[in-house]
Amino acid sequence: MASRSDPRSYDLDALRARVLPETDGEVDDSIPQLADADPDLCAVALALPDGEVRSSAQGDVAFSLQSAVKPFLFALALLDTDGEALDRVGIEPTGEAFDAIKLESGTGRPPNPMVNAGALLTASLVEGTDPDARAARIARGLASFAGRDLDVDEEIAHNEHLLGDRNHALAHLMRAEGTMAVGADDAVSVYARACATLVDAETLALMGATLACGGVNPRTGERAVPTRVARDVVSVMATCGVYDGSGRWMRAVGIPAKSSVSGAIVLAAPGRLGAAVVSPPLDSQGTSVRGRHASEALSEALGIHSFDVE
Ligand code: GLN
């Protein structure tokens, strides 16, 4: 087996330079703000259990979380409902696209919290009697994972709310099935706002590290969620986090992760580290092409594939 690099000294700029020439993939064009993303943005960051955060060049460039927010919405829903969220959303992979108009057969629940249907639901389950209160609750919760307050890109939030036809369809379908208690438009607006939250690779790595460290932010020492919640979230990231590419991801990278249309990927290697990679061009399953390559290389170099044996 190849010798392991130390995450404290591993050369993240060399890794970035290695994946940068890769030009496969398409930038998401669902809204103008995503379509305008710089296709050559590429950053890799690591956050370690002692709170140290390291990144390549562009580790401080802002992008919207998009679906990388889903693990954190699930965490907050579990926390605020005292685990009852687990009865309201499935946890099985779908083998389908992230925005498939499909609910769990028999129950009418969303299939899992990592696809859009599930995240629309988990965002609706956080504490708060109206959409503004729920959005504020989510902002507070994300801040505890990140260790700082995060801005929301209002134009992205607005356009995703306006143009997210499939999300509106999913919310209405859940209303019709009786699985969504809040109004469909309210649900889409709160979810769109969460997706429009801005982070950079360093911050997203720290958010991943908070999950990897049992729910405690390793930099601030603040507990974002109970250990059990973090474990539940990381488990579902492992099986469903990369949508219909989750099996391929787990074999090749072996680290629970969540992909997103902004090209961000958040990774949580329990007890070891959190990581984030971002680069907008996506493969057909909505995963950053450079992000995938960088994650594979990182997993290999640091020896953190979950199923590697010494
Ligand atoms: N906001 C996006 C949507 O709901 C997030 C999807 C994603 O990142 N895969 O369509």
Side-chain angles (χ1 to χ4, degrees), residues 25-37 41 62-74 89 93-103 110-124 135 138 142 150 152-174 180 184-199 201 204 207-208 236-237 240-246 249 257-267 276-292:
E26 300 289 333
V27 175
D28 179 81
D29 62 359
S30 59
I31 58 167
Q33 287 78 10
L34 288 172
D36 286 347
L41 165 65
F63 51 86
S64 57
L65 274 172
Q66 298 301 331
S67 286
V69 78
K70 287 169 176 167
F72 306 100
L73 294 176
F74 182 35
V89 56
T94 63
E96 293 189 53
F98 64 88
D99 56 357
I101 309 291
K102 201 170 170 192
L103 300 177
N112 70 63
M114 302 297 147
V115 293
N116 285 16
L120 283 158
L121 188 79
T122 54
S124 80
I138 289 168
L142 295 178
L150 302 173
V152 169
D153 183 318
E154 296 295 342
E155 283 183 14
I156 294 182
H158 177 77
N159 275 343
E160 288 204 37
H161 182 194
L162 202 68
L163 303 174
D165 289 327
R166 299 184 74 85
N167 290 334
H168 286 278
L170 282 165
H172 282 288
L173 190 58
M174 287 188 279
M180 169 78 78
D185 192 66
D186 287 1
V188 177
S189 81
V190 172
Y191 167 70
R193 215 179 154 73
C195 289
T197 304
L198 296 173
V199 292
L204 187 56
M207 295 174 79
V236 179
M237 287 166 76
C240 308
V242 189
Y243 310 123
D244 44 342
S246 296
W249 178 274
K258 182 74 210 77
S259 56
S260 73
V261 293
S262 54
I265 306 176
V266 56
L267 299 91
V277 289
V278 61
S279 197
L282 308 174
D283 66 17
S284 61
Q285 292 163 328
T287 305
S288 167
V289 175
R290 291 193 191 103
R292 169 188 297 285

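Throughout, numbering of the chain's residues begins at 1 and tracks the sequence. Start at 1 and go down the list; that is how both ligands and their atoms are numbered. Please read these numbers as outputs of a predicted model, since none were measured by experiment.
The shortest N/O to N/O separation between Val261 and ligand 1 falls below 3.5 Å. Ligand 1 has no nitrogen or oxygen under 3.5 angstrom from a nitrogen or oxygen of Lys70. Checking only distances, Ser262 never comes within under 3.5 Å of ligand 1, N or O to N or O. The distance criterion of under 3.5 Å between nitrogen or oxygen atoms is met by Asn116 with respect to ligand 1. Considering backbone and side-chain atoms together, Ser260 places no N or O closer than 3.5 Å to any N or O of ligand 1.
Remark: Leu73 CG to Tyr191 OH distance equals 8.0 Å, nearest 0.5 Å. Rounding to the nearest 0.5 Å gives a distance of 7.5 Å between CG of Leu282 and OG1 of Thr287. Within the model, atoms NE2 of His158 and CG of Asp153 stand 12.0 Å from one another, a figure rounded to the nearest 0.5 Å.
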Evaluate the criterion side chain to side chain contact (heavy atoms under 4.5 Å, CB included) for residue pair Val199 and Phe63; output intermediate values, then yes/no.
CA-CA 6 Å; Val199 292; Phe63 51 86; 3.4 Å; yes
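Side-chain atoms of Asp244 and Glu96, non-hydrogen and from C-beta on, never get closer than 4.5 Å to each other. Within the 4.5 Å cutoff, the side chain of Lys70 has no heavy atoms near those of the Pro113 side chain. For the pair Leu120 and Met174, the minimum side-chain heavy-atom distance is below 4.5 Å.
Counting heavy atoms closer than 4.0 Å to ligand 1, residue Asp99 contributes nothing at all. With a 4.0 Å heavy-atom cut-off, ligand 1 is reached by the side chain of Glu160 but not by its N, CA, C or O.
Each of the following atoms of ligand 1 lies closer than 4.0 Å to a heavy atom of Asn167: 3 (C), 4 (O), 10 (O). Close contacts of ligand 1 with Phe98, meaning ligand atoms under 4.0 Å from a residue heavy atom, involve 6 (C), 9 (N), 10 (O). Of all atoms in ligand 1, listed by their number and element, those nearer than 4.0 Å to a heavy atom of Cys195 are 1 (N). Contact atoms of ligand 1 toward Gln66: 1 (N), 2 (C), 5 (C), 8 (O) (distance under 4.0 Å to a heavy atom of the residue).
In terms of protein heavy-atom proximity, atom 7 (C) of ligand 1 is nearest to Ser67 OG, 2.4 Å.
Ring-plane geometry between Phe98 and Tyr243 is classed as tilted, the angle between the planes lying from 30 to 60 degrees on a 0 to 90 degree scale.
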